[in-house]
There are 2 protein chains.
Amino acid sequence: MSSQPGEPASVDIDADYKPLRDRVRDELRRRIIDDVYPPGTRLVENELASQLGVSRVPVREAMRALESEGFVKTVPRRGAVVVELSAQDVEELFDVREALEVLACQQAATRATKADLRRVGTTLARARKALASGDRLALGRANEAFHDEILKLSHNDLLQNVLHPLQGRLHWLLRQTGDPYDLIEEHTALFEAISSGSADLAAEHARQHARLNREIVRRLLAERNQSASSA
Amino acid sequence: MSSQPGEPASVDIDADYKPLRDRVRDELRRRIIDDVYPPGTRLVENELASQLGVSRVPVREAMRALESEGFVKTVPRRGAVVVELSAQDVEELFDVREALEVLACQQAATRATKADLRRVGTTLARARKALASGDRLALGRANEAFHDEILKLSHNDLLQNVLHPLQGRLHWLLRQTGDPYDLIEEHTALFEAISSGSADLAAEHARQHARLNREIVRRLLAERNQSASSA
DNA sequence: TTGTGCAATCCTGTATACCGTATCCCTAGA
DNA sequence: TCTAGGGATACGGTATACAGGATTGCACAA
């Protein structure tokens, strides 16, 4: 059309336009993850709508999205409640996550570009810095970002669409359990495996990492349940 | 509480109640799969609403659901269009499907009950009968049912929630390409591997089956594209 | 003939109001 | 203490309105 060579493909006047429903969804998801709405909280459409200064329609649509992401459960005619992840839910989450993250890392190994890898390297450096300065929050965020970026390296849109919400729930879970562990060595090894270009090596590391991660979360949950049952 | 032993957990006056949005979603999905709305068709809220005799709200919610299932693509302020699966989409579909179906079969091998296996056996018999009588439609349905049931054998709710929509798209694709192949031997072998209780064996067969399936679809698509480009 | 600009139109996104009905909760009564 | 009744609450759905981006078609200019 009228676009000059070198310019982005389309005109995109409104590239950053986001429907209200999506902004509401993001805000509610954030509140759930940040424990503003702890598990068990009822999410009442009218309350949220007036609180956010929007009508019920976008709130309803946001709620359906959060339901399909697994953050809330809707019982027909009773409304939506923030889910409490059961032990079985956690196991299933790790089952599926392992299968998909192994695939993501395999594909990342064969498809990642130099620029991709540089970006991940930067994120890892940020994590190391956060660890050194003892900033647990920043470390957690950097670790989350690491997984998000690995996922992008797969250059597989469907995989990203499927796995991303699961990772969201995983991150939520890790924040609930305190996420008090050092994954940097693990992540570095995984990153190197991917950088090597060997799909098999990357897969092996991804599987190992997922399993270690699962074990840690299992232990944390077991501890939490013990202290809860003694109350 | 007040319920007597042996009675269902709750009174369940309305056990089969389904929100309108879900029924609309199912109906629209059916129409897409049955090619009533071929790829590229614009889905206009008002039209569908008046056609189905409902208001716009449930139609909108159904559309979002179909979007997250990957049947339609919506561009903000421009509306929803039935997607046309690109070659890359198909590859990604098979990538993720393979990873998840391998997991499903592994878990099915260790978790399936006798009753589960009997049920699948019945479905396989149905497929054989359909093949013998040359009923292609029934054969296709039976093959779809086979995969749905294997998935249930995994007794993994999350896995089912994630994989089921992908299988829906896959079945859609197979109907588009004509689904003209005989999978019964393959399915029988997979079924026996699962029945044996060996996760490794089941995984191997699942992987092999997924790859064969992918090859067949690739060939069919290549043929279709050739005949399309010569038009 | 081919393009270009503008106006009319369509449709989405959102708001508002309202209704029926299922569910929940509280209270009064046995 | 338990149960039944009744009101309050909130979901699911309908109807309507409207602003403004997107699309289309047409007239007009090059």
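Side chains included, hydrogens not; waters and symmetry mates left out as well; all remaining heavy atoms used. Reminder, nothing fancy here: chain letters follow the sequence lines and each chain counts from 1.
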Give the nucleotide from the list [options] with an atom nearest to the side chain of [X].
X	options	value
E45(A)	dT14(D), dG13(C), dG12(D)	dG12(D)
S55(A)	dT16(C), dT14(D), dT12(C)	dT16(C)
V57(A)	dA15(C), dA10(D), dT14(D)	dA15(C)

Let me know the distance between [atom1] of [X] and [atom2] of [N], rounded to the nearest Å.
X	N	atom1	atom2	answer
R77(B)	dT12(C)	CZ	C1'	9 Å
L48(B)	dG13(D)	CG	C1'	17 Å
L20(A)	dG21(D)	CG	P	15 Å
D22(A)	dT12(C)	CG	P	16 Å
R25(A)	dT14(C)	CZ	C1'	17 Å
E67(B)	dT12(C)	CD	C1'	13 Å
E47(A)	dA10(D)	CD	P	6 Å
Y17(A)	dG21(D)	OH	P	10 Å

Less than 4.5 Å apart, any side-chain heavy atom of [X] and any of [Y]?
X	Y	answer
V217(A)	V90(A)	yes
V102(B)	Q106(B)	yes
V81(B)	Y37(B)	no

I want to check one thing: is the phosphate of [N], taken as OP1 and OP2, less than 4.0 Å away from some side-chain N or O of [X]?
X	N	result
R78(B)	dT23(D)	yes
R21(B)	dG13(D)	yes
R60(B)	dG13(C)	yes

Could you tell me if Q167(B) and E144(B) have a donor-acceptor pair between their side chains, going purely by distance under 3.5 Å?
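Not at all, the side chains of E144(B) and Q167(B) share no donor-acceptor pair under 3.5 Å.
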What does [X] touch in the nucleic acid at a heavy-atom separation under 4.0 angstrom: a base, only the sugar-phosphate, or nothing?
X	answer
V44(A)	sugar-phosphate
L43(B)	sugar-phosphate
R64(A)	sugar-phosphate

Could you tell me how the ring of H187(B) sits relative to the ring of F146(B): parallel (under 30°), tilted (30 to 60°) or perpendicular (over 60°)?
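If you compare the ring of H187(B) with that of F146(B), the planes turn out parallel.
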Using five base pairs at each end to define the local axes, how bent is the helix from dT1(C)-dA30(D) to dA30(C)-dT1(D), to the nearest 10°?
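Nearest ten degrees gives 20° for this helix.
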Stepwise, does the side chain to side chain contact (heavy atoms under 4.5 Å, CB included) test hold for R169(A) with E69(A)?
CA-CA 8 Å; R169(A) 263 188 284 176; E69(A) 290 180 28; 5.9 Å; no
Starting from the C-alpha separation in whole Å, work towards a yes-or-no answer on side chain to side chain contact (heavy atoms under 4.5 Å, CB included) for E92(B) and H155(A).
CA-CA 10 Å; E92(B) 294 184 353; H155(A) 293 281; over 6 Å; no
Passes side chain to side chain contact (heavy atoms under 4.5 Å, CB included), L100(B) versus L100(A)? Steps please.
CA-CA 7 Å; L100(B) 293 181; L100(A) 293 181; 3.7 Å; yes
DNA chain C: 5'-proximal contact among G53(A) and N46(B) (nearest heavy atom)
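Per heavy-atom nearest nucleotide, the more 5' residue is N46(B).
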So for R56(B) and dG13(D), does any side-chain atom that can act as donor or acceptor lie under 3.5 Å from a complementary atom in the base?
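When only heavy-atom distances are counted, R56(B) does not reach the base of dG13(D) through any donor-acceptor pair under 3.5 Å.
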